[in-house]
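Notes follow the structure.
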Amino acid sequence: MPSRQQVEWLIFAVLAATAAILITPPDTSIDRALPFVIVLLSFCGFVAERWPSVIQTATILLFVPAIFLIDEHKRLLAYGIIAAAAFAFAVAIAPRTPSASIALTVAGVLLLRWIPFSQVILWRELVILLGAIAIVMTGRLKPAATHIAAALAIALVTPIFPARMLVFPFLVAILLMIPLPRIAIAAPLIAAAFFMRYSIAVLAVVIALVILSREDGEGSHAERSFPFALLRVRMTVPIALFALWPWSGIVARAFPAVLFAEPASPRSQPVWIAIERAQSVSLDIPPGVRRVVITASGANAARLPGGRAVGWVDGGGTRKMIRIGDIADFGFMRREHFFASRNRPPRTPLDDIHDYGASAWLHTAGRIAIASPRPITALQVTAAPDLPPGAKLQIEAVEFE
Amino acid sequence: MTLALFVAVSIASPFLLLRGRSLQRWFAIYIGAWFLFGFLAAFARPLQVHIEPRLAFVAFGVLLTAAFWTFVAQAADVRWSADRAAIAAALVYAVVIPMMLHTAIDGDEPFYLLETESMVRDHDLDLSNQYRDLAHSEAGRLDLVPQLGDPTGPHGEKYSRHEPFLALLMIPGYLIGRLPGAIATIALFGALLARSTVRLFEDEGIDDATTRALFPFIALGPPILFYAARIWPEVPAAFFFVEAVRGVRQRRAARWLPALLTLVLLKLRFLLIAVLLLARTLRNRRYVAIAAVILAIPLAVAVFTTGTVHSWNELIPGSPSAMLRGLLGLLLDGAAGILFQAPIFVLGVIALTRWPSMPASFRIGMASSAIYVIYLVPRLEWHGGWSPPLRYIVVFIPILGLGAAALWKQVDAAPIVAAAAWTIGLVIHGLAFPWRLFHIENGENVVGETLSTIWHSDFSRLFPSFIRPNFAAIVASILAIIVLVVCGAGSPAGLGRLRGGPTLLVVVIALAFVFGRRPGDRIEFEDSHVIHNGGELYPHVFQVQRFAFRGGWILRAGDSLTFLARSGASRLQYTSDSGAMIQIGRDAAYALPPTRGYGAVRVNIATTGRIELHCLSGIVNLDRMDHE
């Protein structure tokens, strides 16, 4: 026989989800998933047991951006912040029991990885879910908020392509159980990350952070003192990242590179020419131009390692090499390609985010500037002759100063 | 600079109110909040989220302040006293003042300031030279002219109809800091009010935890927050009223006597409160004499300084229907009612239904306000006129707060959380957009207008309006009476039966949104859901007492309006001196004959949906269209 609280939460979840269907504009996959988000938050509120009115009110607040915010990105960020606040509150007040931690972890993973629904490959996501639960069940992370945050962090960054990477969360759970000092496990991982390719370095850094969050004892008196208490501030990091769940794919694969992304200049002119190995193209330059910025990317170039020359630009009496690191394969941050890619993000990626949720990816075009003390009269872009077959150098846009 | 001030205040306040582990825990939360804000701000750029920086900082500041006071309400290691509460409130007001000064002072504010400047510079109350030399006034308003009803002297002197006592009180602050200094005087009274309110609660046995929980709603929420940082007599009056109630309750003449005197000196209308309070103190001839003096002095000052502004006709309250409209409006109006502008004080209204069990100070205070309310509600300007909301009832808001405190422990958390969320929204809005605290009396409200503008559909009709009475007002009135009867008749535990509130709220929001996007039966052409292509508002925005006019939209040849309408016959009301020709939709044209006053024509709307009304010739003032 369901309890009164269960019935109340069920009624609230159903009615609120129905209201979301009626209210929310169907513009993006996040908007269309809002009923699902509401059900998840209601579930979190039920698990938390206390302060139901706070979580219910926070859930209702999701309707505010849906109704008042026309700007898409503003609306999604508002969803993100409200849901993250409600989830964090539920985690903070939930009972300190394994079942509650597991339940909240499941809800968090669903929020981070199961939107958009059309992109969900069910069996792979279920394996990751089990892996996150395994991390929680190690019991080596305290307090409860830490082990939920750690499990969600691992679940977030775990790639589902190739399928063998689905064991990653279980590997982390095993690492957590190893009776070695935290620093002994984390330090080599961090050191190795400098030498790994980007897609693996991300995983190594996250593992290291999770290992460092592990509790190896009851905590010394020093750790309970005021300065160490401030270390709890570190919990704001996962909360802040969780607030970006409408772009969880960006957080998983493009953080922190996305912070350095720059939007296309209003003066930027589209070119959209792709050249294969040894091919070159000339660009007309207006008179008096001394600085040209080319936005370029690779195509079928995800397997090229960082530093690999992709081509060069001749202009104004100078030659500038274009390497992986200046640019990248335009779609290497898509989840299907990310892990296998050997690229690293451009130093100044283009601020161009595609898709939402776990499928969100950063269009990793880079900007290459060519400057000359004399006016540049001509510009020639050449693809490297040793590019792999099928790989291309894409000139997306050019900007003259 | 305001940001730096906020940071300083937000660091100082915890040391004032917290200690030990609570202080440590709060600063961990505080640092984490700033980190979170900075992190999200850094991400906003690449995510192409464009938020006005002022709004973002205000929202963050208000949320952080709300979190702090929630922490103070729940924490164990708290340093709580009336003095500390007053200082904490004063610190907040210090931050709010520059935010309010983002735009020029408005309403009656500049006229109080002109009085102060006249007293400082000319040692008189004649504002003639002030009006001539507005460029050198701190008011920052070159458009000021004498207000309607301002008395003139025998030699052409121009006086203000406002009692000069407030202006007198502002002189020291003005001399120190000009306009900010003058406003700081009001804020000082706000801090004193905060202190007196806490003391009032202590006098009546309200426990500290409840006081700490309710304090931010009263001192740092609407309406007191906004009036404490603006030049109005309402907050000083509230302070004096609370002190008078405390003095009467404690039978300390040294407290209530000067408090009542200064209350009435601030505004003559508070005489209606003073009379009843004084009646409680009349125990012998000596007190009768004191009472007579208290009544006579302000009357004499008012007559001497404001001349013929007031008349004997004002002693006649008003028709019962007007009284009912004003009373329900004060409670339920979307733009000017407690429910929407200061929802936590609905608990204070509910407390009235449990009169016998309420604290003595609550009964004294509210009983003393009865005549004041009776005379207020039938006035056309019951809503406060051109001022932030709830102007005329700020004086007894702390008393309503006491009633809320008495019921606090009996109320389920759900309505309190909802009220808190709404209050936070009101504060963010009022601080980020202080000019929007002034809303023209057109029957709409900020939320309704915003929704109507976004969705081009009439959402304002969903909010009860007693300024331009609508169907929602009737529904809300009936519901309010039912709620008050139920709350009054039920057991003390009955208030806890307000569970399921969020679930009900979800249903209401969904139904309101769906219904709001459909065409209404009535289209008021001045409203924000109508897309105006040319033409002008009638009467103009700053028309004095515009609530006395039938609002509309003036169209000339070539101008048009677009709006959602229902198909079928409708009755179009308008006024036109010379007549006009309009076209509705694609095919139907209507000749509008000239009218004396308002006239009406029957029109037919072909299909339900968005239609265009085009003025083909002439000039017409369109009032509204009602579907038949």
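So you know, we letter chains A, B, ... as the sequences are listed, proteins then strands, and number each from 1.
Contact count against chain B (heavy-atom pairs under 4.5 Å) is highest for A/Phe68 among A/Phe68, A/Phe255, A/Phe260, A/Trp51. Between chain B and the residues A/Leu259, A/Leu15, A/Asp71, A/Leu61, the largest count of heavy-atom pairs under 4.5 Å involves A/Leu259. Between chain B and the residues A/Leu22, A/Thr57, A/Leu362, A/Ile23, the most heavy-atom pairs under 4.5 angstrom are made by A/Ile23. Chain B forms more heavy-atom pairs under 4.5 Å with one residue of A/Ile21, A/Ile11, A/Leu241, A/Asp352 than with any other, namely A/Leu241.
With contacts defined as side-chain heavy-atom distances shorter than 4.5 Å, the pair A/Leu244/B/Leu47 qualifies. Taking the side chain as every heavy atom from C-beta outward, A/Asp351 and B/Gln48 approach each other to under 4.5 Å.
Using a 4.5 Å cut-off between heavy atoms, B/Phe39 contacts chain A through its side chain alone, with no backbone atom that close. Within the 4.5 angstrom heavy-atom criterion, atoms from both the backbone and the side chain of B/Ala413 approach chain A. Only the side chain of A/Ala243 comes within contact range of chain B, judged by heavy atoms closer than 4.5 Å. Within the 4.5 angstrom heavy-atom criterion, only side-chain atoms of A/Ile70, from C-beta onward, approach chain B. Interface remark: A/Ala66 contributes backbone atoms only to the contact with chain B (heavy atom separation under 4.5 Å). With a 4.5 Å cut-off on non-hydrogen atoms, A/Phe12 touches chain B through its backbone and its side chain both.
Listed for the A/Gln56 side chain is no donor-acceptor partner under 3.5 Å among the backbone atoms of B/Ala414. Proximity of a side-chain donor or acceptor of A/Lys74 to a complementary backbone N or O of B/Ile51 within less than 3.5 Å is not detected. Panel note: side chain B/Arg45, backbone A/Ala261; a donor-acceptor pair is recorded below 3.5 Å. Looking only at distances, a side-chain donor or acceptor of B/Trp455 sits under 3.5 Å from a matching main-chain atom of A/Ile67.
No more than 12 heavy atoms of other residues, nucleotides or ligands lie within 6.0 Å of CZ in B/Arg518, so this atom counts as exposed by the packing criterion.
Atom CG of residue B/Leu40 and atom CD1 of residue A/Ile81 lie 5.0 Å apart, to the nearest 0.5 angstrom. To the nearest 0.5 Å, atom OG1 of residue A/Thr236 and atom CZ of residue B/Phe35 are 5.0 Å apart.
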